[in-house]
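Just so we're clear, the structure is a prediction, and the values are computed from it rather than from any experiment.
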Amino acid sequence: MPIVPAAAIMAVFFVGPILWAVYVGFTDQGLTGAAALNPQWVWFDNFERLINDRDAHAAISRTVAYVLLVVAGQNVLGLALALLLQKRNKAMKTIASGAVVLAWVLPEVVVAMLWYAFLNTRDGTLNTILASVGLPGQSWLIDQPLFAIVIASVWRGTAFSLLIYSAALEEVSPESIEAAQVDGASGMQQLFYVVLPSISRLILTNLLLTTLQTLGVFGLIFALTGGGPGGQTQTLPLYMYEQAFRYNLIGYSSVIAIVLVVLGVILSAFYLYAFRKGSK
């Protein structure tokens, strides 16, 4: 059957690692030493530890806040840019789209270094610009670390939403727009009552994709702030990395990975429910 190879690949590369993480979560598996060679069953000890781990709770809350802010920023900015470029000439659309896409294709570490140079210290680029117009600067990576990782993530990921929404807007019926204009609808009314309902399914699809992408962001945050200062930007992927490779707790980090998967499943289920409800 044609579906068998695809199912086998899914089982090996998707279901397999998840099941392995679940198994390891019930052991005291370590990265080195006796726990690495001969892990012992600890059953629900790792899960109990997670329930009582305040740092893990803070990382979960921080992750949810980070994902919501980044996804909202990427989608709103991507849609706004797509609308602004819709009626522009081909040359302008190519230049503007190319500039946005360039941020997307850059490696996360490069993006982190760019934003580190832009935000770091009181002599950084942003503070220099603010000083030139008489506004006070600050140490953004220390005073506003969550703002730093959110703005860097939005800057990098907006291109994906721009491409999705640019393609979606091309499919909106011109007759519907013209009919709304004849009825005296304003630009905002056309947007909310004609354009957005026409592309609502693609909006939900893009929300789902950007949410799952953002949920697993590690390299950009790790290179930009390392989870600091004082753990203020330590999301679940960074906390999981710390537990595994700093404290040698592979079993416990596997439980954190399971939580990350569960978060993704919950958010995906919400989007799929909204998608089905909207398609009725």
Side-chain angles (χ1 to χ4, degrees), residues 63 65-119 125-126 129 146-174 176-177 180 186-221 223-224 235 264 267-268 270-272 274-275 278-279:
T63 301
Y66 167 74
V67 169
L68 291 176
L69 290 171
V70 171
V71 169
Q74 287 182 2
N75 278 269
V76 171
L77 188 56
L79 179 59
L81 289 172
L83 289 167
L84 288 172
L85 295 175
Q86 188 182 16
K87 300 293 179 69
R88 299 296 183 265
N89 61 61
K90 187 175 181 180
M92 181 176 291
K93 289 176 68 174
T94 302
I95 294 172
S97 299
V100 177
V101 171
L102 178 62
W104 187 35
V105 299
L106 289 174
E108 286 186 339
V109 174
V110 175
V111 173
M113 291 300 101
L114 290 174
W115 278 95
Y116 184 85
F118 187 69
L119 298 173
T125 307
L126 178 57
I129 295 172
L146 183 60
F147 162 79
I149 63 171
V150 167
I151 200 70
S153 299
V154 170
W155 182 83
R156 182 176 188 266
T158 294
F160 182 81
S161 295
L162 170 62
L163 296 175
I164 295 292
Y165 290 135
S166 294
L169 292 174
E170 295 295 330
E171 302 301 320
V172 177
S173 171
S176 300
I177 301 293
S186 65
M188 293 301 293
Q189 289 174 325
Q190 294 173 39
L191 173 64
F192 284 102
Y193 294 106
V194 179
V195 176
L196 294 183
S198 300
I199 63 173
S200 59
R201 297 181 70 177
L202 273 173
I203 290 175
L204 286 171
T205 301
N206 189 53
L207 284 169
L208 172 60
L209 294 175
T210 52
T211 297
L212 295 179
Q213 289 170 357
T214 306
L215 196 60
V217 170
F218 172 82
L220 190 153
I221 302 175
L224 184 58
T235 57
L267 292 171
S268 299
F270 170 78
Y271 287 127
L272 291 174
F275 185 87
S279 62

Exercise for the section: Check the pair Phe118 / Ile129 against side-chain contact (heavy atoms from CB on, under 4.5 Å), numbers first and verdict last. Expected result: CA-CA 10 Å; Phe118 187 69; Ile129 295 172; 4.3 Å; yes
Completion exercise
Nearest heavy-atom approach of Ala152 to Leu220 is CB-CD2, 3.9 Å
Exercise for the section: For atom CZ of Phe192, decide whether the heavy atoms of other residues, nucleotides or ligands shown that lie under 6.0 angstrom number more than 12. Expected result: no
Handout entry: Minimum heavy-atom distance between Ile199 and Val172, given as atom pair plus value
Key = CG2-CG2, 3.8 Å
Handout entry: Euclidean distance, Asn206 CG relative to Tyr165 OH, rounded to 0.5 Å
Key = 4.0 Å
Handout entry: Side-chain donor/acceptor of Arg156 to backbone N/O of Leu106, under 3.5 Å
Key = yes
Exercise for the section: Could you pull out the closest heavy-atom pair between Val111 and Ala103, with the gap in Å? Expected result: CG2-O, 4.0 Å
Handout entry: Leu196 vs Ile203 side-chain heavy atoms within contact, under 4.5 Å
Key = yes
Exercise for the section: Say whether, by atom type as modelled, one donor and one acceptor occur between the side chain of Gln74 and the main chain of Ser153 under 3.5 angstrom. Expected result: yes
Handout entry: side-chain contact (heavy atoms from CB on, under 4.5 Å) evaluation trace for Leu212 with Ser268
Key = CA-CA 8 Å; Leu212 295 179; Ser268 299; 3.6 Å; yes
Problem - Straight-line distance of Leu208 CG to Gln213 CD, nearest 0.5 Å - result: 9.5 Å
Handout entry: Close side-chain approach of Thr205 and Ile164, heavy atoms under 4.5 Å
Key = no
Problem - Heavy-atom side-chain contact between Leu79 and Ser161 under 4.5 Å - result: no
Practice task
Please tell me if the side chains of Leu83 and Leu191 come closer than 4.5 Å, counting only heavy atoms from C-beta onward.
Solution key: yes
Completion exercise
So OG1 of Thr210 and CG of Asn75: to nearest 0.5 Å the spacing works out to 4.5 Å
Handout entry: Point-to-point distance, once rounded to the nearest 0.5 Å, from CD1 of Ile221 to OG1 of Thr235
Key = 4.0 Å
Exercise for the section: Answer yes or no: is there a side-chain heavy-atom contact under 4.5 Å between Val194 and Ile177? Expected result: yes
Handout entry: Spatial distance of atom CD (Glu108) from atom CG (Leu224) [nearest 0.5 Å]
Key = 11.0 Å
Handout entry: 4.5 Å side-chain heavy-atom contact, Trp104 and Leu162
Key = no
Completion exercise
Rounded to the nearest 0.5 Å, the CG atom of Leu68 sits from the OG1 atom of Thr211 at a distance of 8.0 Å
